[in-house]
Each structure stands twice: as structure tokens, then as C-alpha cells.
Protein chains: 4
Amino acid sequence: MMNRVVLVGRLTKDPDLRYTPSGVAVATFSLAVNRQFSNQQGEREADFINCVVWRKPAENVANFLKKGSLAGVDGRIQTRNYEGQDGKRVYVTEVVAESVQFLEPRNASGGGNRNDNEFYGAPPREPQGNPYGGGNQNQRPNNNQGFTRVDDDPFAGNGQIDISDDDLPF
Amino acid sequence: MMNRVVLVGRLTKDPDLRYTPSGVAVATFSLAVNRQFSNQQGEREADFINCVVWRKPAENVANFLKKGSLAGVDGRIQTRNYEGQDGKRVYVTEVVAESVQFLEPRNASGGGNRNDNEFYGAPPREPQGNPYGGGNQNQRPNNNQGFTRVDDDPFAGNGQIDISDDDLPF
Amino acid sequence: MMNRVVLVGRLTKDPDLRYTPSGVAVATFSLAVNRQFSNQQGEREADFINCVVWRKPAENVANFLKKGSLAGVDGRIQTRNYEGQDGKRVYVTEVVAESVQFLEPRNASGGGNRNDNEFYGAPPREPQGNPYGGGNQNQRPNNNQGFTRVDDDPFAGNGQIDISDDDLPF
Amino acid sequence: MMNRVVLVGRLTKDPDLRYTPSGVAVATFSLAVNRQFSNQQGEREADFINCVVWRKPAENVANFLKKGSLAGVDGRIQTRNYEGQDGKRVYVTEVVAESVQFLEPRNASGGGNRNDNEFYGAPPREPQGNPYGGGNQNQRPNNNQGFTRVDDDPFAGNGQIDISDDDLPF
DNA sequence: TTTT
DNA sequence: TTTT
């Protein structure tokens, strides 16, 4: 119905980039968003919000953001659940980013971001047949710098496989 | 830093109203927000988003919303964690509503909402001293229709006490 | 960089649907959004916010909304300017809706909205070549019920032609 | 009803700080927000969005932001109108910022922002009596560096006086 | 499992 | 009347 989230915060770690079996990029990261007011103990707390982003912007995130980077997210809240390792249902609430903006100033901490200090997600729904051109649909991507390398199965060795093509937001 | 959420959806159950030991009202509810696009199986899925609201708007929510009510929420994402029953940490991501709007039409399903079909939350940060006048700070509220009744301890019998005054957003 | 708007309010008039010379639908409407608090005179004021929506959702707006309809808008603020009738520059600030939701209850005021009480905008970027199928790109659309009829030039007789294909948000 | 705006962009000029006759601070500034996609000519356009902020955050804006500063705004769209110099009604659509965040890195361009690289607006609705303590209600503020100085009437010499205490959002 |  |  309506579901909109806007966040600005800092990555708590380097983003994690993976690929679904059919070759779609997906990056996950956690944003620390400092709260506006201090608590009763006078401390400034933060919320740690898990984010997911798909396709081209996933690769941008992996290439341009790292632990500590200031980033903006425009997206929506998603809930999902899966069978946990112990057989019980695990409930997840996270933010699916439709666009991510790099808010670090130019030539800061070794970035390399062209495009006027920002980049944006691909359109939430893809243009035509082969999304993101180049037939990268069913083959392994070959530029593997900057993210968790995967060989055949991007999720191999990942005990908790809870992201699949079914989670694609489009 | 920046943390803003806007939702429109329907309550999955009647809201749950409780009071902290010091007498502050807090309502929780879950909103089902239908997704914009159908999935690959052609089904329209929904996200089920847990919301919390404090003080006067908590009481409004309890009085005016029920299972199935269409409502709008303007707030922020909050994360917190507590020691689970089994001793392990439980992580929670939820929405703290700063204002809640009743979107059901006038004289729909037994509402009774005055104020031009809407009501709003109290200001996000409280003035000082005695919020919401009337010295309801340290005594039990006595209008108990429409919400989970509490006797002495609002959380009595609630095995999982993970909301306290410390969670007050101001 | 980041530009996000979410509104819920009521149409002040029936929406206005037109077509650009190349056949792209564009609807405009104004939303009255009641303010949260009364002013010093105790009156509840409203903001009257002009909105524009393109393509399929424009036609949905024309078909499903009318004066007084409760609607939600998710979009962004756009500013533009044009040469006024008196030769001076006119500045416009409006909301470009990416999706519009019909918030009126089912079978209310003669709607006819299927799809679980809501509809959404088309994807911000179009699927393939011919957007919205049917080759309506360069010909007049022929379902003219429910909106301002246009014959050859959709803006004919409209002294102030300030919307063209150049204003297309994608 | 619901009216929420989140922006990130750069100030097109130094902010303008004034005071109402009763001594309430109000700052105005314009944010250039680059659009996400280039237009058909391949240029990246921007929206220029006028913002208003009241009270303490107005003074923070005047003290910490200047032309070119990167800032985030969380607020709402407001429309108002006034009698123009030529006797005809002028319609204004602007953003009332409830909080403003300074997104420039620490020790950037001569800032001086403490508070962990950000500051926020005062609560949207004021406690009571004397807002922001210190009896600054009916007297001229005396720290006049960094903003348009005013002597007796903060709007003196301002041909277009269209902001008064009546425009206070609370 | 948390960022500046 | 526009910013990097």
C-alpha cells in the first residue's frame, strides 16, 4: 500500500556482495543511524539497520562504500522469514534499498566515485528482457574485486542460504 | 542522522495497549502493507511491520483502531535487543510511530473517530515535568476499556518483558 | 541527491488528464492535506499540493479518483519555470507522483477499483520499447471517458502550455 | 493527514536568518537537489527547493551552513499565499524543515559543527510559555554574527513581508 | 554483529 | 534567484 523509508547513516562494516544462482547481484550492509536525541543517561544511541540492494546498485555499493562510509538509502521495509538452523522460524525485518547515495565528500577516504559524488540505483523495474544487458544473467560475473568472491554457487559455504531469486523485488 | 518511515496498511490484529511501571502508555500493533508488485508466482505479498507508539497516541490507537483498520504511520525505524528466554540475544527491528492516522472513512466499522477522520501523535519530545498533565505519571490509568487490562504491573504475566521506561523515545 | 515525498490527502477537484503531442498521458491534481495541529485561531488548516503523474498511473488517477477522493502519493518534489503570459518567469514547485494509491474503501463512492483497494504507478522506468503496449505512442488514445477530452492537440485551447515531453521524468 | 518530505542537497546561497516581531528566529534557504537521472539532452538537472526552519534549528542553520553546504532536511510541504506587490495573490509551495542535518564532514570548509557532525531541530511543538528558555521571546537576540542583521524590526527594509508569527508551525 |  |  505505502511503504517508504529514507535513511542516512554509516556502514558498520564493508558491504557484502553476492550473486544468486542465476547471476543477479545482491549486496547487504548495515547502517548505523545515530538517534536524534540522547537517552536518559545522556548517551547518543544508534539504530543498526540491515539493508539489501539488488543488481547494478548492489555492485556500486560494493565498489564505493566501505566500513564507516556515510550513505543515504531510499527504499522500503521488507519482512520475510525462513526456517532457522534449529528448525524454528526466523523473522527478518530489513530495508530494501531502491537507491543508495554515497554522501562522502569527493576525494575522501580512497573512494573513486565519479558521477558528481553520487550514484543511484538502477530503476526498480528493469527496461527489457535481459536486465543490466550483456547477458550476465546466467553466467558468473567476472569482475570480482571488492566483494566476496564466489565460484560456482555464490552462496556455497554459506550455511544460511536465505536469499534466492525469489527475493528479487521485481 | 536521518531515519524516516511512512507506512499505510491494515492492522493484523487489535492493537495491544500497556503501561510502563511509571504509567506511560505504549501500544504495539502490526501493519500488513501489501507490496506494490506481485511476485513471480503472480501473488501479491505483504510485509508485516511491527509498530510501537507511546503516550496519548498509544491510547488513541487502542481506542480507534482494530484488526483490519486502515492506518498510516509516520515514524522511524528502531533496533533494539534483549536477552531471550534461552539466554541468547534477540534482535528486534520495529517502527516507532510518531503519528498514526486513522484512514478508515467516517462512520465505518464502528469507529467513532472525531477530528476530521484523523488523529495524530503527541509531540515527539515532551515538554517537561508532567507530560500530558493530570498527574497520570505514577498512577494506574483508570479508563480500561478497549485494551489489555492491567492491574498493578502492566506487564504482569508477560513472560517477555522487553519494554520499559528506558525504551521511551524521549 | 535525495528527494522523497509521501502525502495522504483529498483531491480538491477531479483530476485533469492530458496527453503530450507524442501521446504520453499526464494527469494533474491537487491534494488537500490537513495539517496536524490547529493554528492559533484554533482552525485546522490544510496545504494544497499540486501533483503530476505520468503514463499508466495517470490514466488510473483519471479513472479512479475524483474530487474528494482520499489518495496517497509517493514521489518527489520538482521545480520548474516557464515564461509567463506577461513575459516574466513563473516558478513552479510541485510533486511528481511515482505511485498513487486509492485509499477510499472498496465499493465507496462509485469507484470500481479492483486490485485490493489500491493501484500503483507504473515502474518509473519503462519495460521495453513501446511503453504501455498497444502502440499508443504516437496516436490519440481512444478511451476518452473520465478525462478532459482532447482532439488533435491535447493542449489545444490551453493558453498555458508548459508541459511537454521534456518534462517526462524518465 | 500525512505530509512528509526528506531531502538531501546543497545550499544555493548562504541561509537567511530573520526574527519575527516577537523574536522568533526563522531561517530560509534553498536546496539544490540533483535529479537521479539525466534528461534527454544528457544533462543532470536539479530541483531548487525553498526551505524554512524555525527557532533554534534556524539559528543552527545560520551558524553552520553556507552556500554549497550539503544538508539533509526532514519536514513537510507547506503552501501559503499572500497579496503580491501588484495586488494579485502569490502562491508559495515550500518545505518546512523540522530537522536539518549538516552532512559535511567534520572540519570541512570552515564549519565548526560540534555534536557528532549533525544537529537537529527543536521539537515541532513547543512546551509552554517561554520557548527555548532565557526570555528571548520579546527581545532582540544579541548574537548577530552570521545572519542578516536586524535592528528593531527584523523585516525592516524587506519590501515583501510575508512571514509573521502567524506562520509559526506550532 | 555494530558506524563517526 | 540557483548547488557540487
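Letters go in sequence order (proteins before strands), and every chain restarts at 1. Keep in mind that this is a model prediction, so the values were computed, not measured.
With contacts defined as side-chain heavy-atom distances shorter than 4.5 Å, the pair B:N81/B:V92 does not qualify.
The distance from atom CG of B:N81 to atom C1' of E:dT2 is 10 Å, rounded to the nearest whole Å. We find that NZ of D:K13 is positioned 5 Å from C1' of F:dT1, with the value rounded to whole Å. The separation between A:E104 atom CD and F:dT4 atom C1' is 15 Å, rounded to whole Å. Residue A:L31 contributes atom CG, which lies 13 Å from atom C1' of E:dT4 at whole-angstrom precision. Rounded to an integer number of Å, the gap from CG of D:N34 to P of F:dT3 is 11 Å. Protein atom CG of D:L70 is 15 Å distant from nucleotide atom P of F:dT3, rounded to whole Å. Rounded to whole Å, the distance from CG on D:D16 to P on F:dT3 is 17 Å. Between D:L65 atom CG and F:dT3 atom P the separation is 16 Å, expressed in whole Å.
A distance-only check finds a donor-acceptor pair linking the side chain of C:N3 to the backbone of C:I77 [under 3.5 Å].
Within the 4.0 angstrom heavy-atom criterion, only backbone atoms of the sugar-phosphate kind lie near D:G68; the bases stay farther away.
Side-chain atoms of A:T12 lie closest to E:dT2 of the nucleotides E:dT4, F:dT1, E:dT2.
Evaluation of the side chain to side chain donor-acceptor pair (under 3.5 Å) rule for A:D74 yields A:R4, C:R4 as partners, not counting sequence neighbours. Remark: A:N50 engages no residue in a side chain to side chain donor-acceptor pair (under 3.5 Å) (not counting sequence neighbours).
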